[in-house]
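First comes the structure, then the notes that go with it.
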Amino acid sequence: MSERPVASTAPELILETDAGPTVMSPSRDYHVGRDPLSDIVIDDVRVSWHHAVLRPVADHWSLEDENSTNGTFTDGRRIHEWGVGPGSVIRFGHPADGPCAVLVGQEPPAPALHPADRPSTVSMPAATVTFRQPTTVRPRPVHTVRIGRSADNDLVVDDLTVSHRHAELRAHPDGTYEIVDLGSHNGTYLNGQLVRRAPVAAGDIVGIGHSEFSLVGDVLQEFVDTGEVSLDVQDLAVSVDRGRKTLLEQVSFPVGEKCLLGVVGPSGSGKSTLLNALTGLRPADEGSVLYDGRDLYHDYAELRHRIGLVPQDDILHSQLTVRRALGYAAELRFPHDAAPSERRARVTEVIRELGLEKRSEQSIHSLSGGQRKRVSVALELLTKPSLLFLDEPTSGLDPGMDRSVMHMLRGLADDGRTVIVVTHSVLSLDVCDRLLVLAPGGRTAYFGPPEDALAFLGFEQWPEAFEAFEHDRGRDWSAEYRASPFHQQYIANSTAQPRLPHAAVPPVAPPPKTRSWGAQLWTLVRRYAAALSADRTFLAIMIALPFVMGAMTRALAGSRLTQDTAINALLILCVGGVLTGAANAVRELIKERPIYQRERAVGLSRSAYLMSKVVVLGTVTVLQAVVLTLVGLVGVDLNAPGGKGVLLPPLVEVTLAMALLSFTAMMLGLLVSALVRKEEVTMPLLVLLAIVQVVFCGALLKLHGVPGLEQVAWLVPSRWAIAAMGGTIGLARIVPGRVSADPLFEHSAEAWLLNMGMLVVLSVVFGLAVARLLRRHEPVIMRK
């Protein structure tokens, strides 16, 4: 693949419009139009959505009309393409009174202090670093400047990740400045760190959404991250077992703007470890990752919003339609003050970009593998990430789908993103700009154009190369590459950033929680309820199970609970309650684990996620328990002492005990789901749970006073539930000798309240254990 063309020598100019000045760097094109995503937005009905483009050509600038409706004019003449420079006056839409823009020359500005230019707070040495030029330059504010997305702000940032009224830059009479966050959704950052209120000195960088602001001299400079960013990886090293096993060894490479990088290698070569290090989910032990000149680990809290990650497993609820699933994701990732119409517009935009218009109302589970992967990519594109990482996106796809997905990634890179894809497939590596080949032990075997990789490694086919990696363990692939011209050309001479000193990575702070807990819970509850209601098989089972178990109870109970029927009826009730509760929950966490891991990495609250499961599943489970009990016992003489329960009517007490038992069993099911690693093992465990409930309930075996068994039974919900129900109906009186010695079966308020209270305690204990286990499955950065 050919190298990038030599940068233009056109002068840097300032384009003056009614909206303010825009500094135009000769390193890129500038699009003019009504589209809010244009570089220069002109809000006038005579201006087309995409009206014109200013391009650096050789040593000058060219103005090209993009087939606009009303035309582009210079010197009163309508033009299609025209050379422009300092002093040129351009009108859009009308030659006389159309919106006007004037090009002026610019004196060399004072150097902008981007974060990479300054010594950081982690002992990073000062260095001259290459980075993009300011997008706009404004006079230094002399009063309070409010920054936000709505048009009534002093400084409007057209970015959906920015709140309507996001922050204020306050100028004080003594000449000092202060940045104050106004309760924004995604936070305000000073030098990469989240702040609520902090002083701003000259050269400090204020980060809001995809924009950064810096006070330099007499101006306020704005840098807008349009997606065309570079990534520079320097000497990444990762080890485990206290350094005894190396997963990644001194990996370095640069990734340019609009570049598609493929990462391949055999199993055990550190591909997933590298991906986690580059995304900040598991920071490297040594080395640096520079995002457009900024230290990713140091500024991770801010920069994480600009990184998209598509894991190997699908990260959407397959029961939902494409549009609905993306809509809920937009609610979680965009500010609460974003209007539903704005979120819908962004969802429609990414659906169109990924070519999913005809599939937008189709359930995700009915899509092909390649289409499902497009939906996962669409989810990540909602927030317009500049860096997009994909882990095995073509896994399990046929060669045609493989090719289609890789060409989709090629298009995403061409549209202005840096895309890095980890893959086992070698069918479509030719669409990549660069290829990184990792050898076992996480060492670089090759980095460069994909078409030169096999020749450099000395093989004709990729299977031969992978076999050599496995069998020729004594060969130092990394040393061979470092001694080659490829290393000098594509790594040593291609990076625009200085080499930072070799040092261990400082502790990386976990990203802050930016969205309110209640807002997350409300969205998660609605999404989960929608996913369950769309699963017809699950709905049918949920409805049928309590009626079936209730009918069985009715058949055993007869018209009156007697010595022959009482225990059997209560046992069936307990088994039914446990099965309904545990069966509802036993698969729910394990099947959503990839979704949870990704959403947790972008700020999802662990407790809000767990509580959404408890609210939805708990409601369903309690309703099932009530139906089961009423179907089984309405009209049955419960034979309670004096016809009364302990505190309430007998049927009410039994129903309450069943509801609490089912809820506790549901929490136990969540515990199992959080504990297992494979969904296939949940059903056998569900059967085992039901058996344990019967054996340790206390109605079949003597538990009271038996060391060991009695203590184990304390953790079994049915032990307390059947004791509560037995106390209500006076089971010790109906079945003499079986449970009469067990104080938990007494017909007393103390015993009944103890039994019910222990069910509550077990529910809380199981919930805390689930929360702890959820933490185990989170990205490393989120566990701190």
Using side-chain hydrogen bond (donor to acceptor under 3.5 Å, both in side chains), reason through Asn584 and Thr621 one step at a time and then give a plain yes or no.
CA-CA 7 Å; Asn584 288 342; Thr621 298; 3.1 Å; yes

Measure from the side-chain N and O atoms of Ser718 to the backbone N and O of Gln693, and report whether any donor-acceptor pair falls under 3.5 Å.
yes

Backbone of Ile595 reached by a side-chain donor or acceptor of His317 within 3.5 Å
no

Could Glu349 and Arg346 be called an ion pair, given the rule that one side-chain N must be under 4.0 Å from one carboxylate O?
yes

Gln362 side chain to Val322 backbone, donor-acceptor under 3.5 Å
no

Between Val586 and Thr682, which heavy-atom pair has the shortest distance, and what is it?
O-CG2, 3.4 Å

Measure the NE2-CD distance between His777 and Gln597 for me, rounded to the nearest 0.5 Å.
8.0 Å

For Arg526, is there an ion pair with Glu331 - N to carboxylate O distance below 4.0 angstrom?
yes

Check the pair Thr279 / Tyr300 against side chain to side chain contact (heavy atoms under 4.5 Å, CB included), numbers first and verdict last.
CA-CA 9 Å; Thr279 56; Tyr300 180 74; over 6 Å; no

With a 4.5 Å cut-off on side-chain heavy atoms, are Leu160 and Glu342 touching?
yes

Checking Glu588 side chain against Leu670 main chain: does a donor-acceptor pair fall under 3.5 Å?
no

For the residue pair Asp402 and Thr423, establish whether any side-chain heavy-atom pair is separated by less than 4.5 Å.
no

Heavy-atom donor-acceptor pair, Gln520 side chain to Gly603 backbone, under 3.5 Å:
yes

Within this structure, what is the CG-CE distance for the pair Leu561 and Met725, rounded to the nearest 0.5 Å?
11.0 Å

With a 3.5 Å distance limit and no angle check, can you tell me whether Arg374 reaches the backbone of Leu354 through a side-chain donor-acceptor pair?
yes

Determine whether the side chains of Ser607 and Ser605 contain a donor N or O and an acceptor N or O closer than 3.5 Å.
yes

Of all heavy-atom pairs between Ser184 and Ser163, which one has the smallest distance, and what is that distance?
CA-OG, 3.5 Å

Yes or no on side chain to side chain contact (heavy atoms under 4.5 Å, CB included) for Lys613 and Met666, after CA distance, side-chain angles and deciding distance?
CA-CA 10 Å; Lys613 300 295 183 186; Met666 181 270 295; over 6 Å; no

Identify the two heavy atoms, one from Gly767 and one from Leu610, that lie closest to each other, and give their separation to 0.1 Å.
O-CD2, 3.7 Å

May I ask you to test the Leu762-Met667 pair for a side-chain heavy-atom distance under 4.5 Å?
no

Output the distance between atom CZ (Arg719) and atom CG (Asn755), rounded to the nearest 0.5 Å.
8.0 Å

State whether a side-chain donor-acceptor pair under 3.5 Å links Arg323 with Thr348.
yes

Check Glu353 with Arg417, please: is the shortest side-chain N to carboxylate O separation under 4.0 Å?
yes

Consider side-chain hydrogen bond (donor to acceptor under 3.5 Å, both in side chains). Of Lys271, His424, Lys373, Gln312, which one does Glu392 pass it with?
His424

Using atom types as modelled and distance alone, determine if a side-chain donor or acceptor of Arg776 lies under 3.5 Å from a backbone N or O of Leu675.
yes

Min side-chain heavy-atom separation Trp720-Leu661 under 4.5 Å:
no

Got a donor-acceptor contact below 3.5 angstrom from the Ser404 side chain to the Gly400 backbone?
no

When rounded to the nearest 0.5 Å, the distance separating CD1 of Ile364 from CD of Gln371 is 11.5 Å

Within-4.5 Å side-chain heavy-atom neighbours: Val681 and Ile590
no

Electrostatic pair Arg598:Asp313 at N-O distance under 4.0 angstrom:
no

Quick check against the 3.5 Å criterion: does Gln319 have a side-chain atom that pairs as donor or acceptor with the backbone of Ala534?
no

Evaluate the side-chain proximity of Ser368 to Met401: yes if any heavy-atom separation is below 4.5 Å, no if none is.
yes

A side-chain contact here means heavy atoms from C-beta on lying under 4.5 Å apart; do Ile567 and Ile722 qualify?
no

Within the 4.5 Å heavy-atom criterion, are Tyr328 and Leu320 side-chain neighbours or not?
yes

Looking at Val634, is its backbone amide N or carbonyl O close enough to the side chain of Arg554 to form a donor-acceptor pair, meaning the two atoms are under 3.5 Å apart?
yes

Between Arg527 and Glu592, is a salt bridge (Lys or Arg N to Asp or Glu O under 4.0 Å) present by the stated rule, with each step listed?
CA-CA 13 Å; Arg527 182 181 68 177; Glu592 288 188 4; 5.6 Å; no

Can you measure from CG (Leu754) to CG (Leu759) and round to the nearest 0.5 angstrom?
9.5 Å

Assess whether side chain to side chain contact (heavy atoms under 4.5 Å, CB included) is satisfied between Ile307 and Leu296, documenting all intermediate values.
CA-CA 10 Å; Ile307 297 174; Leu296 174 66; 3.6 Å; yes

Minimum heavy-atom distance between Asp314 and Arg372, given as atom pair plus value:
OD2-NE, 3.2 Å

Nearest-0.5 Å distance, CZ of residue Arg536 to CG of residue Leu539
9.5 Å

Start with the C-alpha distance between Leu656 and Leu648, add both sets of side-chain angles, then the distance that settles side chain to side chain contact (heavy atoms under 4.5 Å, CB included), and finish with yes or no.
CA-CA 10 Å; Leu656 288 175; Leu648 300 167; 3.7 Å; yes

Which one of Tyr596, Tyr528, Trp517 satisfies the ring-ring contact (aromatic ring centres under 6.0 Å, His included) criterion with Tyr609?
Tyr596

Does either side chain, that of Asn186 or that of Thr161, offer a donor lying less than 3.5 Å from an acceptor on the other one?
no

So which atom in Glu380 and which in Leu309 form the shortest heavy-atom distance, rounded to 0.1 Å?
OE1-N, 3.1 Å

Provide the closest heavy-atom pair for Leu381 versus Leu412 in the form atom of the first, atom of the second, distance.
CD1-CD2, 3.8 Å

